[in-house]
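Each residue takes its place number in the sequence, starting with 1.
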Amino acid sequence: MDDGIPGQVHSYESFGTLDGPGVRFVVFLQGCPLRCRYCHNPDTWEMRGGRTVRSGEVLREIESCRNFLSGGVTLSGGEPLAQPEFARDLLRRCRQAGLHTALDTAGSIPLERSASVIDEADLLLLDIKALDDALCRKLTGAGNRNTLDTLDFCEKNGKAVCIRHVLVPGWTLERERLTGLAGYLKTFSCIQRIDLLPFHKMGEYKWKELGQESPLAATPEPTREEIQEAEALFSFLPPRA
């Protein structure tokens with residue numbers, strides 16, 4: 001039996017409900033080029049932190065849960081596009097098995113490496129960190145050019161996209177910035193939905209386990225009123241139900 005291509009995997013979630021439509025099997029890949037200040041999975045950053053598995057092995061793990069999957073399979077991370085050969089082969093195998101596929105990505109990998117992986121996915125969950133490049137660099141350590149190029153690629157190729165954007169008080173949760181982002185996204189026909197995700201502190205313990213303090217430890221979580229005001233700016237597409 002062909003066991004496929006080896007890759008580094010952090011973990012699995014066999015009953016995911018927040019990573020695409022329906023109940024999904026989520027494969028968290030190891031490795032990410034970004035260093036987001038609000039990251040809740042900093043343990044996925046370094047490639048050496050994962051375990052080596054082959055794409056065929058992962059598919060067999062997915063198949064063992066197939067009866068419970070009303071949605072399909074999502075590759076997340078980390079940044080799944082940081083392992084393009086492994087991600088592409090796994091997505092292809094899933095699609096051949098009749099499973100809906102999604103990529104949860106920040107689009108942080110250049111298109112010359114990522115385009116063929118994106119082609120294999122049915123849906124992109126694209127995390128736009130910030131529309132302003134300077135702010136994006138302060139938040140993540142990298143600019144947003146690859147992310148915006150990824151969105152343009154999806155528009156040109158008719159790839160379905162769900163936008164994700166984290167609302168961080170004092171950073172992205174500002175009316176002027178959100179208004180600009182809403183106006184920018186309104187021009188894309190490939191976008192099916194926009195999910196505004198409130199900044200949270202549930203991953204702070206992982207920073208401590210790594211011997212670090214979360215850079216946003218003193219940042220408050222947004223209030224319900226602030227979230228509602230932000231969602232109203234994106235009412236041209238439905239937020240997450």
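Side chain of N41 to backbone of T44: no donor-acceptor contact under 3.5 angstrom is found. Panel note: side chain E221, backbone K201; a donor-acceptor pair is recorded below 3.5 Å. Using a distance-only test at 3.5 Å, with no hydrogens or angles considered, a donor-acceptor pair links the side chain of N144 to the main chain of L131. Looking at R54, its side chain does come within 3.5 Å of a backbone N or O of G4 through a donor-acceptor pair. Using modelled atom types, one side-chain atom of R37 and one backbone atom of K138 make a donor-acceptor pair closer than 3.5 Å. For the pair T172 (side chain) and V166 (backbone), a donor-acceptor distance under 3.5 Å is present. Remark: the backbone N or O of K159 is not paired with any side-chain donor or acceptor of N157 at under 3.5 angstrom.
Annotation: side chain of K186 is not in contact with side chain of I194 (no heavy-atom distance under 4.5 Å). D43 has its side chain out of reach of E209: every pair of non-hydrogen atoms, C-beta onward, lies at least 4.5 Å apart. The shortest distance between side-chain heavy atoms of W45 and C39 falls below 4.5 Å. With contacts defined as side-chain heavy-atom distances shorter than 4.5 Å, the pair Q212/P42 does not qualify. Contact of the P215 side chain with the W207 side chain is registered, since non-hydrogen atoms from C-beta on lie closer than 4.5 Å. T147 has its side chain within reach of L126: a pair of non-hydrogen atoms, C-beta onward, lies under 4.5 Å apart. Between I109 and N146 the shortest side-chain heavy-atom distance does not fall below 4.5 Å. E46 has its side chain within reach of R48: a pair of non-hydrogen atoms, C-beta onward, lies under 4.5 Å apart.
The CD atom of E226 sits 11.0 Å away from atom CZ of R224, with the distance rounded to the nearest 0.5 Å. Rounding to the nearest 0.5 Å places NZ of K129 at 8.0 Å from SG of C136. For the atom pair CG of L90 and CD of E85, the computed distance is 13.0 Å after rounding to the nearest 0.5 Å. In this structure, Q30 CD and S11 OG are separated by 8.5 Å, a value rounded to the nearest 0.5 Å. With rounding to the nearest 0.5 Å, the separation of OG in S214 from OH in Y205 is 13.0 Å. Distance check, rounded to the nearest 0.5 Å: CZ of R175 to CZ of R177 gives 15.0 Å.
Of all the heavy atoms in L69 and G72, the pair that sits closest is CD1-O, 4.1 Å. Of all heavy-atom pairs between T150 and G107, the closest is OG1-O, 3.5 Å. Taking every heavy atom of both residues into account, H100 and P21 meet most closely at CE1-CG, 4.3 Å. Taking each heavy atom of R93 and G56 in turn, the nearest pair found is NH1-CA, 4.0 Å. Nearest heavy atoms, G16 versus V26: CA-CG2, 4.2 Å. A pairwise comparison of heavy atoms in A87 and P80 identifies CB-O, 3.7 Å as the closest pair.
Comment: E63 engages R66 in a salt bridge, judged by a side-chain N to carboxylate O separation of less than 4.0 angstrom.
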As a quick check of understanding, evaluate salt bridge (Lys or Arg N to Asp or Glu O under 4.0 Å) for R35 and E79, giving each step before the final call.
CA-CA 11 Å; R35 295 295 180 264; E79 171 52 78; over 6 Å; no
With side chain to side chain donor-acceptor pair (under 3.5 Å) as the test, would you mind laying out the steps for S55 and D89 before giving the verdict?
CA-CA 7 Å; S55 50; D89 191 62; 2.5 Å; yes
Quick one: do R137 and D133 satisfy salt bridge (Lys or Arg N to Asp or Glu O under 4.0 Å)? Show the steps, please.
CA-CA 6 Å; R137 290 180 186 278; D133 189 71; 2.9 Å; yes
Side chain to side chain contact (heavy atoms under 4.5 Å, CB included) between C94 and I62: does it pass, once the steps are laid out?
CA-CA 9 Å; C94 288; I62 295 167; 3.9 Å; yes
Step by step, would you call Q8 with L29 a side chain to side chain contact (heavy atoms under 4.5 Å, CB included)?
CA-CA 6 Å; Q8 296 299 116; L29 275 62; over 6 Å; no
Show your reasoning for whether side chain to side chain contact (heavy atoms under 4.5 Å, CB included) applies to F25 and E61.
CA-CA 9 Å; F25 192 104; E61 190 75 27; 3.8 Å; yes
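Cluster membership for L124 and I128, using ILVMFWY side-chain heavy atoms within less than 4.5 angstrom, is shared. L75 and I163 fall within the same hydrophobic cluster, defined by Ile, Leu, Val, Met, Phe, Trp and Tyr side-chain heavy atoms under 4.5 Å apart, directly or through other members. A continuous path of Ile, Leu, Val, Met, Phe, Trp and Tyr side chains, each step under 4.5 Å between heavy atoms, connects L148 with V161, placing both in one hydrophobic cluster. Follow the hydrophobic side-chain contacts under 4.5 Å out from F86 and you reach L111 in the same cluster. Both L185 and L233 are members of a single hydrophobic cluster when ILVMFWY side chains are connected at heavy-atom separations under 4.5 Å.
For residues 145-186, the set of pairs meeting the ring pair (Phe, Tyr, Trp, His ring centres under 6.0 Å) definition, not counting sequence neighbours, comprises Y184-F188. Listed by first then second residue, pairs satisfying salt bridge (charged side-chain N to carboxylate O under 4.0 Å, His left out) with a partner in residues 106-126 read R92-E120, R95-D122, not counting sequence neighbours.
When each of L125, L18, D104 is checked for a side chain to side chain contact (heavy atoms under 4.5 Å, CB included) with S76, only D104 meets the rule. Applying the side chain to side chain contact (heavy atoms under 4.5 Å, CB included) test between L91 and each of L103, V73, L99 identifies L103 as the sole match.
Ring pair F28/H10 is perpendicular by interplanar angle, where above 60° counts as perpendicular and below 30° as parallel. Between F199 and Y38, the two ring planes are perpendicular [angle over 60°; tilted spans 30° to 60°].
For S116, the side chain to side chain donor-acceptor pair (under 3.5 Å) partners are R88, not counting sequence neighbours.
With a 6.0 Å radius and a threshold of 12 heavy atoms from other residues, nucleotides or ligands, E213 has its CD atom at or below the threshold.
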